[in-house]
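The next block holds one structure in the form of structure tokens; read it before the comments.
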Amino acid sequence: MVDMDVMIKAEELNKEYRREGAIIRALVDINLEIKEGKFIIIQGPTGCGKSTLLNVISGLDLPDSGKVILDGENISRSTEDRLARIRRRKIGFVFQDFNLINNLTAIENIESTLWPTVLRNKEIENRSISALRDVDLLERKDHFPAQMSGGEKQRVAIARAIVHRPRVILADEPTGNLDPDSETMIMNLLKKINKDYDTTMIIVSHRDLSKYGDTLIKMDKGRIVSVK
Amino acid sequence: MALRLWKKAVVLTLRSKRRFTVFTLMYTGLLIWSSFSLDLTPTLGDIGITSFFIAMGISMFLSLLYAWIITNYRRREIATLKCIGWTNKNCQAIIIGEILFTTISGFLIVIEILFHIVAFLGYFYSVYDQDFAASGLPLISLSSVFVTFLLFILVQLIGIFLGTRRVLKVRPIIALKKVGT
């Protein structure tokens, strides 16, 4: 049996929001262990806390209590700049709305992840071309986001998420704005990246994407209700 | 790395054509105004000085406004960049680069305009065999433009410093919010 390390460990996570005077318990006593190289689907209805969980385990949001250990580092009480550097080294993000920069071409959007690093320009370009090749979109490298379809934009976003060779990719509703054909293509692409690079994948979705995952985590009202 | 970010800031500035054109023209006008005021100070006295400081005040206000517009317009982009590992300083470098590049563009346009005016008048006077230097025309001197430009940059830096503090307030989590929410 292959010995798999723990990539993300969440211990007793709690998070509350105040909205119009009411307290919403977004995360309630969450304990979670995600092993390296796994493909995890977090599923649940809108408002169940799945996006909050993603935000907390990526360091974009801080828990009220509990801790998150990412690849051996406790990130629950880090400064903003330290968290940014951790994300730069270890995390890739894929967003529902793609979040590409409209004034940059596909290749520049991908390169933007590496601009604040000490890598040489040629190395940045080579890595970005390689990432574009991985998502099979090399011929669109000089196109702007406005000239691409939703599926193509998401593939560029995936290339941007893998260009710095992260340990884990977090995707928040990555197929939320796509048609069924594009959804299949994007999920197969994420699965391929997971297999080829042994990158841990955590996908949050309200849709049923369970057939793609190694583990399906179901959430409701801020709690994990099942892990299969 | 900082140099690379500044280069990318130039690319982003040039691609935001409308904003770049409007602000460059405003900076050009302000540079001409303040250089002219500085040159006329010996003749006009307090009026020249007052006019110069008004132009500097407007310049600082413009740099604040520019930083505010960029930060607001690019709020989601800044949040996305923070998500993918950019620090506050990296994001600020892009905005500072954009404003400084626009100011420098304004300065270059002023220099270009001055050269053209001098060339035109020089030619005109030579045709009629007149002494151009003795004409007493109220032309802006190059030294005034340079002094104004340096003071402009100084004032800009203060404005930029205050304006880009807004970048610190952009939380990366905004990038995950759905468009329109």
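Note on naming: letters A, B, ... go to the chains in the order of the sequence lines (proteins, then strands), and numbering restarts at 1 for each one.
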* Please confirm whether the backbone N or O of B:G85 pairs with a side-chain atom of A:R88, one donor and one acceptor, at under 3.5 Å? => yes
* **Flag if over 12 foreign heavy atoms under 6.0 Å of CZ, B:R75** => no
* Walk me through it: do A:E108 and B:L12 pass the test side-chain contact (heavy atoms from CB on, under 4.5 Å)? => CA-CA 11 Å; A:E108 288 168 337; B:L12 282 167; over 6 Å; no
* Is it the backbone or the side chain of A:N177 that comes under 4.5 Å from a heavy atom of chain B, or both, or neither? -> neither
* Asked: Does B:K82 come within less than 4.0 Å of A:E80, counting only side-chain N to carboxylate O?
  -> yes
* Where the side chain of B:R4 meets the backbone of A:T117, is there a donor-acceptor pair that is under 3.5 Å apart? -> yes
* Asked: When you look at CZ of B:R165, are more than 12 heavy atoms from neighbouring residues, nucleotides or ligands closer to it than 6.0 Å?
  -> no
* Under a 4.5 Å cut-off applied to non-hydrogen side-chain atoms, are B:V11 and A:N103 in contact? -> no
* Asked: Among A:I91, A:V118, A:L104, who wins on heavy-atom pairs under 4.5 Å with chain B?
  -> A:L104
* Interface moiety of A:F98 toward chain B, non-hydrogen atoms closer than 4.5 Å -> neither
* To do: Before giving the answer on side-chain contact (heavy atoms from CB on, under 4.5 Å), spell out for A:N102 and B:R15 the whole-Å C-alpha distance, their side-chain angles and the decisive distance to 0.1 Å.
  => CA-CA 10 Å; A:N102 290 329; B:R15 287 182 188 163; over 6 Å; no
* Are any non-hydrogen side-chain atoms of A:L60 and B:R171 less than 4.5 angstrom apart? -> no
* Asked: For A:L114, is it the side chain, the backbone, both or neither that has a heavy atom under 4.5 Å from a heavy atom of chain B?
  -> backbone
* Taking B:S16, B:A79, B:A2, B:C83 one by one, which has the highest count of heavy-atom pairs under 4.5 Å against chain A? -> B:C83
* Asked: So do the side chains of B:L81 and A:I101 get within less than 4.5 Å of each other, counting heavy atoms only?
  -> yes
* **More than 12 heavy atoms from other groups under 6.0 Å of CG on A:D196** => yes
* Do B:W86 side-chain atoms and A:W115 backbone N/O form a donor-acceptor pair below 3.5 Å? -> no
* Run the numbers on B:R76 and A:D97 for salt bridge (charged side-chain N to carboxylate O under 4.0 Å, His left out), then give the verdict. => CA-CA 11 Å; B:R76 198 175 169 83; A:D97 297 316; 3.2 Å; yes
* Asked: Going by heavy atoms in the side chains, are B:T80 and A:R160 under 4.5 Å from each other?
  -> yes
* Does any N or O in the side chain of A:R87 come within less than 3.5 Å of the main-chain N or O of B:I84, such that one atom is a donor and the other an acceptor? -> no
* Would a 4.5 Å heavy-atom cut-off, applied to side chains only, mark A:R82 and B:T87 as touching? -> no
* Heavy-atom neighbours of B:R18 CZ exceed 12 at 6.0 Å -> no
* Which answer fits B:N90, side chain, backbone, both or neither, if we ask what part of it has an atom under 4.5 Å from a heavy atom of chain A? -> side chain
* Asked: Crowded around A:Y17 OH? As in, over 12 foreign heavy atoms under 6.0 Å?
  -> yes
